[in-house]
Novice: 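Okay, handing you the structure first.
All values derive from a computational prediction rather than experimental measurement.
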Amino acid sequence: MTWTDLPGDRPFVLLATRAEDLPADEEYALFLRYTGLPPERLRRIRLEREPMPALDLDDVAGIMVGGSPFNASDPLEKKSSVQRRVEAEMAALLDEVVARDVPFLGACYGVGTLGTHLDATIDGSFAEPISVVEVTLTDDGRTDPLAEGLPETFSAFVGHKEAITTLPGAAVLLASSPTCPVQMFRVGRNVYATQFHPELDVDGIVTRIHAYADYGYFAAEELQTTLAAVRRAPVTVPSRMLRTFVERYAR
């Protein structure tokens, strides 16, 4: 199926928060590649640059959220004014998204935003260094439409300082890894978040490793070790979820 075969003409929206142009533009290119959407059907909004515009959720097919250097669990006094604004805008948007069960897929930062909305416990207990991990679908995950066609266990890129330790009852756990119990969950029928990055390939994560080398994800002397860690196993499966998301919700 090509994008021209998809029903309807409503665009998807990508909410982005990366201030650095190179990883920000590459992230958008990766979402375009793996969703199969042309630019006119994937509207990017760079929230680190400007306030979130008014979004009429009846006029969009679905919302995706990229990764972010922001950490939801940081103390308020450590958060920049931009991060505080973005979090407030995300909270207001998720009020409507969750209440209306609007199609939503948050990658990595989606766990922080959607998890916060649900009052989940988010802290550094299950942080994972930048690497490739083995993600395993739960029983609910194996039957979830977004995971259709995925093997029970697959390799995925991760790298995060915080994670959900406990999911509230309103959420359904869909996938876990040995070092992080909540790798993917769903709320309602159509609202999803992943801790791993379904949009990334090796080149994309290498770009981010260099771009965020001074952000505390690894020590300076660990650069080469980190680059080697993301090449230890092929990662080809998670990106299928993006195409599935688009094919399921295009309208």
Side-chain angles (χ1 to χ4, degrees), residues 16-31 33-34 48 65-75 78-80 83 105-113 115 121-137 141 150-165 174-185 193-242:
T17 59
R18 300 185 185 280
E20 301 79 10
D21 285 337
L22 180 58
D25 290 344
E26 194 166 70
E27 177 180 73
Y28 182 50
L30 288 165
F31 271 96
R33 179 190 307 168
Y34 291 122
E48 86 288 350
V65 176
S68 177
F70 298 155
N71 291 300
S73 61
D74 282 347
K78 291 185 65 176
K79 295 179 180 179
S80 68
Q83 181 174 350
L105 176 57
C108 196
Y109 188 48
V111 164
T113 55
T121 301
I122 303 174
D123 57 31
S125 300
F126 296 104
E128 292 176 301
I130 300 173
S131 59
V132 177
V133 301
E134 296 303 300
V135 173
T136 299
L137 297 173
L150 302 188
E152 181 177 345
T153 298
F154 54 88
S155 298
F157 291 118
V158 297
H160 51 100
K161 299 176 184 178
E162 63 181 8
I164 291 178
T165 60
L174 301 177
S176 299
S177 69
T179 50
C180 184
V182 181
Q183 283 286 355
M184 180 179 175
F185 67 94
T194 67
Q195 185 65 77
F196 59 89
H197 285 274
E199 83 285 5
L200 275 180
D201 58 16
V202 171
D203 290 341
I205 198 166
V206 166
T207 294
R208 293 185 193 179
I209 288 170
H210 288 291
Y212 299 109
D214 298 325
Y215 279 61
Y217 290 99
F218 54 88
E221 65 272 15
E222 296 173 335
L223 174 60
Q224 294 305 316
T225 303
T226 302
L227 289 169
V230 299
R231 295 187 172 102
R232 74 167 186 82
V235 176
T236 60
V237 169
S239 61
R240 299 179 199 171
M241 293 173 50
L242 298 181

Novice: What are the two closest non-hydrogen atoms of I164 and Q195, and how far apart are they?
Specialist: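 Smallest interatomic distance, heavy atoms only, reads N-OE1, 4.5 Å.
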
Novice: Over all heavy atoms of both residues, which pair between P198 and T194 is shortest? Give the atoms and the distance, please.
Specialist: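 What the structure gives for the nearest pair is CD-OG1, 3.5 Å.
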
Novice: Any side-chain heavy-atom pair from V158 and C180 closer than 4.5 angstrom?
Specialist: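 The answer is no; the side chains never approach within 4.5 Å.
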
Novice: Is there a side-chain contact between D201 and Y34 (heavy atoms, below 4.5 Å)?
Specialist: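 Counting from C-beta outward, D201 and Y34 do come under 4.5 Å.
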
Novice: Verify whether one side chain among S176 and T136 offers a donor that lies under 3.5 Å from an acceptor in the other.
Specialist: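 No.
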
Novice: F157: which residues meet the ring pair (Phe, Tyr, Trp, His ring centres under 6.0 Å) condition with it, sequence neighbours left out?
Specialist: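 F157: no ring pair (Phe, Tyr, Trp, His ring centres under 6.0 Å) contacts found.
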
Novice: Strictly by side chain to side chain donor-acceptor pair (under 3.5 Å), give each pair with a member in residues 221-237 just once, sequence neighbours left out.
Specialist: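 Of all non-adjacent pairs touching residues 221-237, none passes side chain to side chain donor-acceptor pair (under 3.5 Å).
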
Novice: Would you say S125's side chain and D123's backbone share a donor-acceptor pair under 3.5 angstrom?
Specialist: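 No: the side chain of S125 does not pair with the backbone of D123.
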
Novice: Would you list the pairs meeting side chain to side chain donor-acceptor pair (under 3.5 Å) in which at least one residue belongs to residues 155-165, sequence neighbours left out?
Specialist: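 Sorted pair list: S73-E162, E128-H160, E134-S155.
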
Novice: Which atom pairs, donor and acceptor, lie under 3.5 Å between side-chain atoms of residues 202-216 and protein residues at least two apart or in another chain?
Specialist:
| residue | atom | partner | partner atom | Å |
| --- | --- | --- | --- | --- |
| T207 | OG1 | E26 | OE1 | 2.7 |
| T207 | OG1 | E26 | OE2 | 3.4 |
| T207 | OG1 | D203 | O | 3.1 |
| R208 | NH1 | H197 | ND1 | 3.4 |
| R208 | NH1 | E199 | OE2 | 3.0 |
| R208 | NH2 | E199 | OE2 | 3.0 |
| Y212 | OH | R18 | NH1 | 3.1 |
| Y212 | OH | E20 | OE1 | 2.9 |
| Y215 | OH | E20 | OE2 | 2.6 |

Novice: To the nearest 0.5 Å, tell me how far L227 CG sits from I130 CD1.
Specialist: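 With rounding to 0.5 Å, CG (L227) is 9.0 Å from CD1 (I130).
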
Novice: Would you compute the distance between atom CG of L242 and atom CG of L105 and round it to the nearest 0.5 angstrom?
Specialist: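 Rounded to the nearest 0.5 Å, the CG-CG separation comes out at 6.0 Å.
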
Novice: For P75, check side chain to side chain contact (heavy atoms under 4.5 Å, CB included) against everything at least two apart and list the hits.
Specialist: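 P75: side chain to side chain contact (heavy atoms under 4.5 Å, CB included) contacts with E77, K78.
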
Novice: Roughly how far apart are N71 CG and K79 NZ, rounded to 0.5 Å?
Specialist: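 It comes to 8.5 Å.
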
Novice: Do F126 and P181 make a side-chain contact, defined as non-hydrogen atoms from C-beta onward lying under 4.5 Å apart?
Specialist: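 Side chain of F126 against side chain of P181, heavy atoms only: contact under 4.5 Å found.
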
Novice: Give the minimum heavy-atom separation between P151 and L137, together with the two atoms involved.
Specialist: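 In terms of heavy atoms, the two residues are closest at O-CD1, 3.6 Å.
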
Novice: Checking T17 now: which residues fulfil side chain to side chain contact (heavy atoms under 4.5 Å, CB included) with it, not counting sequence neighbours?
Specialist: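 T17 satisfies side chain to side chain contact (heavy atoms under 4.5 Å, CB included) with L47, S68, P69, F70, V86, Y109 once adjacent residues are dropped.
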
Novice: Hey, does F196 have a side-chain heavy atom less than 4.5 Å from the side chain of M241?
Specialist: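 With C-beta onward as the side chain, the pair touches.
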
